[in-house]
Every structure is written in structure tokens, then in C-alpha cells.
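The next block holds one structure in the form of C-alpha cells; read it before the comments.
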Amino acid sequence: MMSIYRTNTCAELRKADVGKTVRLAGWIHSVRDHGGVIFIDLRDHYGMTQIVVDPEREFYRDLDHWRVESVVSFSGKVVARSENTVNPRLATGEIEVVAEGMEMLGEADVIPFQVAKDDSAPEALRLKYRFLDLRRDRLHRNIILRSQVISEMRRYMTEIGFNEFQTPILTASSPEGARDYLVPSRLHPGKFYALPQAPQQFKQLLMVAGFDKYFQIAPCFRDEDARADRSPGEFYQLDVEMSFVEQDEIFAVIEGMFERIFSKFSTKEFTHAPFPRIPYREAMRRFGSDKPDLRNPIEMVDVSEHFAGCGFSAFANVVANGGVVRAMRAPKVAGKPRKFFDDMIKFAQAAGAKGMAYIIWNGGEVKSPIVKFLTPEIVDALKVTGKVEDGDALFFLADKESEVMKVGGAVIPELGNQLGLIDPNVFKFCWIVDFPMFERDEETGQIIFSHNPFSMPQGGMDALMNKNPLDILAYQYDIVCNGIELSSGAIRNHLPEVMYKAFEIAGYAPEVVDEKFGGMINAFKLGAPPHGGIAPGVDRTVMLLADEPNIREVIAFPFNQQAQDLMMNAPAEATIKQLRELHLQVVLPKKERDKMEKAQEQSKQE
RNA sequence: GGGGAAGUAGCUCAAUUGGUUAGAGUACCACCCUGUCACGGUGGAUGUUGCGGGUUCGAUCCCCGUCUUCCUCGCCA
């Protein structure tokens, strides 16, 4: 059906349309008033078309303003532009529309920041006027990309036999994990629903129900603080669960999904399946991180044996006391000024290191503050172990292993960035596998679950009965791209006996397990298939594809860092009536009370 | 909850060592201009320098407090 507002979009008209009478509607992107002739760029979702207006036209004389971002519709004739006025940067640049009539559909006031030009407005303002910000090219494209990525995920999952399900948004609080968002119940005074942190239990129950292959573009809610790559409040994940599978079968599904998405929506190179699998402990040892950026060639190698009993007592003592010395090779830095090395040491110290040593190999000479304490044999051995080439340097960290890993995890990306070793034009994926099932709490000394208590321990019951708990690995994995964790997943523990035993090791009696996870355990007692899954983050995936450093740039209506919606003014106070219906009473912390009293005083004075 | 950075016109920024009338670009308003596409030109209006206090003859600048925003640590099965 023909629209009364337009015959064509602003991206459609070409030379072949010359002579047609058309009607276009959109936003006034820019106005160039030359006195005798006025050019208007009319913009809609699809593109832009130049409108030519004769100022003698009645509709022009009657109008006070051509204020940008007003919504108007123009009728007129499509005309070919003369050769020297064609705009090759515009898809419609070979034609223009000579306006014969115009209708103002939605006049705009003065806008708080520019839409047409790159006006770097502060984020709070952009969030308050998000609808304006979303008109801007970059953000508009990001949100479209997000929509297309989600469509493609659905298409892929459906094609390979998965069914999409919906799970409850109002559900029960889960006792472990992140902080929940709670929703008070009106019918049940004093009781609360919780918004799901993830549909974890539901998707497992769908497997127990025999549905075999589940997916959902699932909203998840966590009341935790924000980061650049973590939006507070809510986010979306491609939630996946499969029955009768082993880890590798899940990997194949997800690798296929990422291959599909990244080949379709990015021109950059990316890792093809199978993605490298790196055991957790190896990743920590080599990169000091369980989300390594594999674009960065720098990693740690153990050189403890070379420093054991050496003349550099600071390092020799660390080794003698059970610590480690690890080296990181910085390629082609021999020409760098002293300041580079001093700054790296300062950086390491800020990350918690007591210090950082280095040795530079340059044209057969060795430069280093510590070399005078070392024999030539040790220096040569370090060169071999560190795979040093002439012009390279080694940086050394010595401490307890956990400290060295922590500092190395900070220094490695910093070195990679500073030395320009990270190629922005590739995506490097990897799986981190074999997470430990248990770890020792450093403060209390107790054995605790190190990640997910519901993962299947490798070796099953036998391992739980006979192995040192700290040596037991779980079928638990992460997928990482360019240093960003896209998802965790696991083969689940579907055997009640194994579950009770795992919880027993972590210090939970069977009654406690029944009380907290009774629903799941009962389901597992009535015939549960082996199953597992994963849930790659949609926001982070789009962030990578759009090359955006901040997750808010790929979310249409994000919270700010304080978990507020500045446009809708959320969260907001509830009315007395609402509170009464929900049987709630608000008790503000003192700080907030003081703030409110102050605000009330001020409004009284006014 | 801790640490860091920032806060000056609607927006982006400047303002010498603390110095007298706080400037520029852009947006806005008026006028001029028939081929621009970030059009150009002339002129105009626009400020509680986040807020409160202190030091000083004098504070955008120094000090204290406070608020806001971003980044970060904790947190994120």
C-alpha cells in the first residue's frame, strides 16, 4: 500500500528515476542556504537525498525555520545533477529532487548536540537524549548490526536443529553467583521474585524434559557494577544447551556459529575452527590470565632454575623460598630510551610487583642493572630459554607464583600495546579448558568451588573419591576472543550422587544441597540425560564486530555506569500506594536521608 | 566500598606565576549570497567557571568539603 508520506526512501532514487514525481520524508540533516537556491539533505533510516528548494516557493516563505532534525516531507521531481555537481560520496548523488511542495511533520527545537556532525558530546547528555544519539550514523549502524547479528544467530541455530524457548523473567533467587534483582510480590507479603542472572536451571530442566537442543536470545539480569565491556543491570546472551554431548560437540556448534557471524559481518581475518584449546593452568602460567589476547605474542616462560642459587640474591631467595622467576620477551626494544624500561617497571609496581628486572641483548652486548650479579653462563642460558634474538629484552618477575601471574597478566597487555604488537585487524579466538573444580580459599584455607558447582568433574565419582580435590579438573570452559571473555560453559553434573559428593568436598551437607537446589536435584533423580551448554554474550560479540571499545555503543538504551536510565529516569521512587500494595517500607541509609533533607530544604527556599 | 581522571557558553575546548572586560570553534538569532554537499560572508545574543566554604587586596587557577560523570580494583556461578 502506498504511503501518504512517501513514495520512496531517501536511499532509493537513481538516474533511471529522472523525471518521476516523488514524495520523500525524513529528517533535515543539513541546510545550505545560498540565497537564490537552498539545498537540503533529507535523511531517513535508509540514506540521504538532496532536495533543491527555490526560495520563491510559497511553502518556503511561510516557514520560520529550517531547523535541522525537523521531520518533513517533500514532493517534487527527480532531476539529474549536472556532471560537475554529482556527489560520488552519496548513493543518490547523481540525482536531486526539486521541491514543489513541503509538509512539516514534526518540528524540532534546538538540539542539545549535533547529529549531522561529529560533535563529541558527553555521554550523560547522549544517554539523556538517546533517541537523538541513535539518529547518528555510527550508533544507528551499530544497532542495525546488532539486529542482524541476532537474526543470523537465530537462523544458524535453527538450521542446525535447535529450538528456541522462552523461560521465566520472574523467577526465584539463586543462592550463589551475582547479586540478584528482586521484585516484591503483592500476593505474597514479604516474598520476592528474582530476575534471572541466566536461565541456567530452566535450560537444564528443558534437557531433563527431553527437548535435546535448546537456545534462546536470553536477557540476563545481574546487580553488579559496570565495566567498559560490562553493562550493569541487564545484558543478552545466546544461551545454548544440548543433551547427550561431550565438550567437543558443544565447541563445534559454537565455532560454527562464530565462523558464520564473523565471516558475514566482518571483513577482518579470524581464527577458523577448531579454535585453539588452552588448559586453564597453562593459560595462567603463560599469560597470567584466563582470557589471553592471542594477538599479543608476549608470554611468560619459567626461568626459576637459572636463578636458583645465583649471585642475584633477591631472585635466588625467591626461588629458595618456593617462589618463581618468569621472563617475558619484549621484541626489538634495544633502541628504546631508558624511560621506557623505567616506566614499565613503574607499571609493574602499580600492578603489585615488588620490582621488575630486565636484560637487553644488543649487538653482542648485554645491558642490564642485574647482569653484574650473574655469570655469563646464566645470561646465555636465559637468552636460550627466553628465545631472545638480538635487539630483544627480557623482563623478569620474581615472587610467589600467584603474584607473578597476577602482575604478568597486567604487564603483558601493556607491553603488547606499547610496542604496537597487537594487530587490530584480526580476531583470535581460543577456548580455555580444564578449569579446576576446587580451590583453596586463601583467607580461610577451606576448599571451595572455584567456578561453577554444577559442572561435571573430570573422572566423575572416581575422581571425587580418590583424588586430591585441588587436582580435580572440571568440564568447564570459556571462549575468549582478543582478550575478551565471550562466554563460560560446562558439561553439567547431572548425577545426584556426584553432586552431593562434590558439595560435601566443598563443605555442604546433603540437607543444605537439598534445601538450596532441591528442584534441580529432584529433576535429576527422575532421569536426566548427560548435557552441557554455553552462553556467548551478544553485546560483547557485537562490540567486537563494530570495533567499539565501550559496550554502551552497541546497546540501544543502555544504563549509565550507576545503573540509571537517564532518559526514562529509572530507577525512580515508588508511590506510597505502590509500596503499600507491595507491603514494603523504605528505610534509606543515612547518607541518602541527608541528601534528601538537603534537597527538600533547597526546594523550600525556592 | 577503595583508587584515578574530568567538570568553564546548548556542545567541544582555551584562559601565562593567582591579576582587573573569561575567549575561540560550533550550534542559536538577523542580514547577504543561484550549485552547495562540514557551503561561504557580515553582525548579534549567550556564563552562578558543578555546588559550598576557606586563604588572598584579588580565585576559573591554591586549600578543604561535597556533588556529578567516565575509567579501574573489589564484585561479576
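Residue numbers start from 1 in every chain, and the chains themselves are labelled A, B, ... in the order their sequence lines are given, proteins ahead of strands. Just the heavy atoms: all of them, side chains too, but no hydrogens, waters or symmetry mates, feed the values below. Please read these numbers as outputs of a predicted model, since none were measured by experiment.
The nearest whole Å value for the distance from the CD1 atom in A:Ile534 to the C1' atom in B:A77 is 15 Å. The nearest whole Å value for the distance from the CG atom in A:Leu127 to the P atom in B:C70 is 7 Å. In this entry the distance linking CG of A:Asp133 with C1' of B:C11 reads 13 Å, nearest Å. Rounded to a whole Å, the CD atom of A:Glu234 is 16 Å from the C1' atom of B:C76. Here the C1' atom of nucleotide B:C75 and the CZ atom of A:Phe235 are 14 Å apart, to the nearest Å. Atom CG in A:Asn452 sits roughly 13 Å away from atom P in B:C76 (whole-Å rounding). A straight line from CG of A:Asp54 to P of B:U34 spans 11 Å, rounded to a whole angstrom.
For B:G65, the paired nucleotide is B:C51, the pair qualifying as Watson-Crick or G-U wobble because both relevant distances are below 3.5 Å. In this entry B:C13 has B:G23 as its Watson-Crick or G-U wobble partner, both defining distances falling under 3.5 Å. Using Watson-Crick or G-U wobble geometry with both donor-acceptor distances under 3.5 Å, B:U56 finds no partner in any strand shown. Here B:C76 sits opposite no nucleotide as a Watson-Crick or G-U wobble pair (both hydrogen-bonding atom distances under 3.5 Å). Across all strands shown, B:A38 forms no Watson-Crick or G-U wobble pair with both distances under 3.5 Å. A 3.5 Å limit on both hydrogen-bonding distances identifies B:G43 as the Watson-Crick or G-U partner of B:C29. A 3.5 Å limit on both hydrogen-bonding distances identifies B:G4 as the Watson-Crick or G-U partner of B:C70.
The aromatic rings of A:Phe449 and A:Tyr508 sit parallel, their planes meeting at an angle under 30°, below the 60° perpendicular limit. The aromatic rings of A:Phe517 and A:Phe454 sit perpendicular to each other, their planes meeting at more than 60°, with 30° as the lower class boundary.
A distance cut-off of 5.5 Å between ring centres, combined with a plane angle under 30°, leaves A:His34 outside any stacking arrangement with the base of B:U36. Here A:Phe39 counts as stacked on B:U36: its ring centre is under 5.5 angstrom from the base ring centre and the planes meet at under 30°.
Put simply, A:Ser455 has no side-chain N or O that comes within less than 4.0 Å of OP1 or OP2 on B:A77. Close to B:A77, at under 4.0 Å from its OP1 or OP2, lies a side-chain N or O of A:Arg222. Here A:Arg552 reaches the OP1 or OP2 of B:C71: one of its side-chain N or O atoms lies under 4.0 Å away.
A gap of 13 Å separates the C1' atoms of B:C13 and B:U49, to the nearest Å. Rounded to whole Å, the separation between the P atoms of B:A45 and B:G7 comes to 28 Å. B:G18 and B:C63 are spaced 13 Å apart, taking the C1' atom of each and rounding to whole Å. If you take atom P in B:A14 and the same atom in B:A9, they sit 12 Å apart, rounded to whole Å.
RNA chain B is contacted by both A:Thr85 and A:Val68; A:Val68 maps to the nucleotide lying nearer its 5′ end (nearest heavy atom per residue). Comparing A:Asp225 and A:Gln200 against RNA chain B, the residue whose closest nucleotide sits nearer the 5' end is A:Asp225.
Here B:C11 is the nucleotide among B:C11, B:C37, B:C70 with the atom lying nearest to any side-chain atom of A:Leu125. Among the nucleotides B:C76, B:G35, B:C28, the one closest to any side-chain atom of A:Glu224 is B:C76. The A:Gln564 side chain lies nearest to B:U69 when the options are B:U69, B:C71, B:A27. Ranking B:C28, B:C70, B:U26 by closeness to the A:Gln562 side chain, first place goes to B:C70. In the set B:C37, B:C71, B:C28, B:C37 carries the atom at the smallest distance from any side-chain atom of A:Arg89. Comparing B:C71, B:C28, B:C37 by their closest approach to the side chain of A:Asn550 singles out B:C71. When the nucleotides B:C70, B:U36, B:U34 are ranked by their closest atom to the side chain of A:Gln50, B:U36 comes out on top.
The base of B:U36 sits with one of its N or O atoms less than 3.5 Å from a complementary donor or acceptor on the side chain of A:Arg81. Within 3.5 Å, no donor on the side chain of A:Arg67 pairs with an acceptor on the base of B:C29, nor the reverse. Remark: the A:Arg230 side chain and the B:C75 base include a donor-acceptor N/O pair separated by less than 3.5 Å.
Note on A:Ser30: only backbone sugar-phosphate atoms sit closer than 4.0 angstrom, heavy atoms only; bases stay farther off. Residue-level contact check: A:Asn560 touches the backbone only, with heavy atoms under 4.0 Å from sugar-phosphate atoms and none from bases. Among the atoms of the strands shown, base atoms are found under 4.0 Å from some heavy atom of A:Asp33. Nucleic acid contact class of A:His451 (heavy atoms, under 4.0 Å, all strands): sugar-phosphate only. A:Arg492 comes within 4.0 angstrom of no nucleic acid atom, judged by non-hydrogen atoms across all strands.
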Name the atoms and distances for all side-chain donor-acceptor pairs under 3.5 Å in residues 47-55 of chain A, with sequence neighbours left out.
residue : atom : partner : partner atom : Å
A:Thr49 : OG1  : A:Cys10 : O            : 2.7
A:Gln50 : OE1  : A:Arg32 : NH2          : 3.0
A:Gln50 : NE2  : A:Glu96 : OE1          : 3.0
A:Asp54 : OD1  : A:Glu56 : N            : 2.9

Should A:Glu241 and A:Arg492 be marked as a salt bridge (charged side-chain N to carboxylate O under 4.0 Å, His left out) after you check the CA-CA gap, both sets of side-chain angles, and the distance that decides it?
CA-CA 10 Å; A:Glu241 198 75 9; A:Arg492 321 295 174 188; 2.8 Å; yes

Polar atom pairs (N or O), protein with nucleotides 42-47 of chain B, under 3.5 Å:
none

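Between A:Tyr214 and A:Asp239, the side chains place a donor N or O and an acceptor N or O closer than 3.5 Å (distance only, hydrogens not considered).
Shortest non-hydrogen contact noted between A:Val554 and A:Glu548 is CG1-CG, 4.2 Å.
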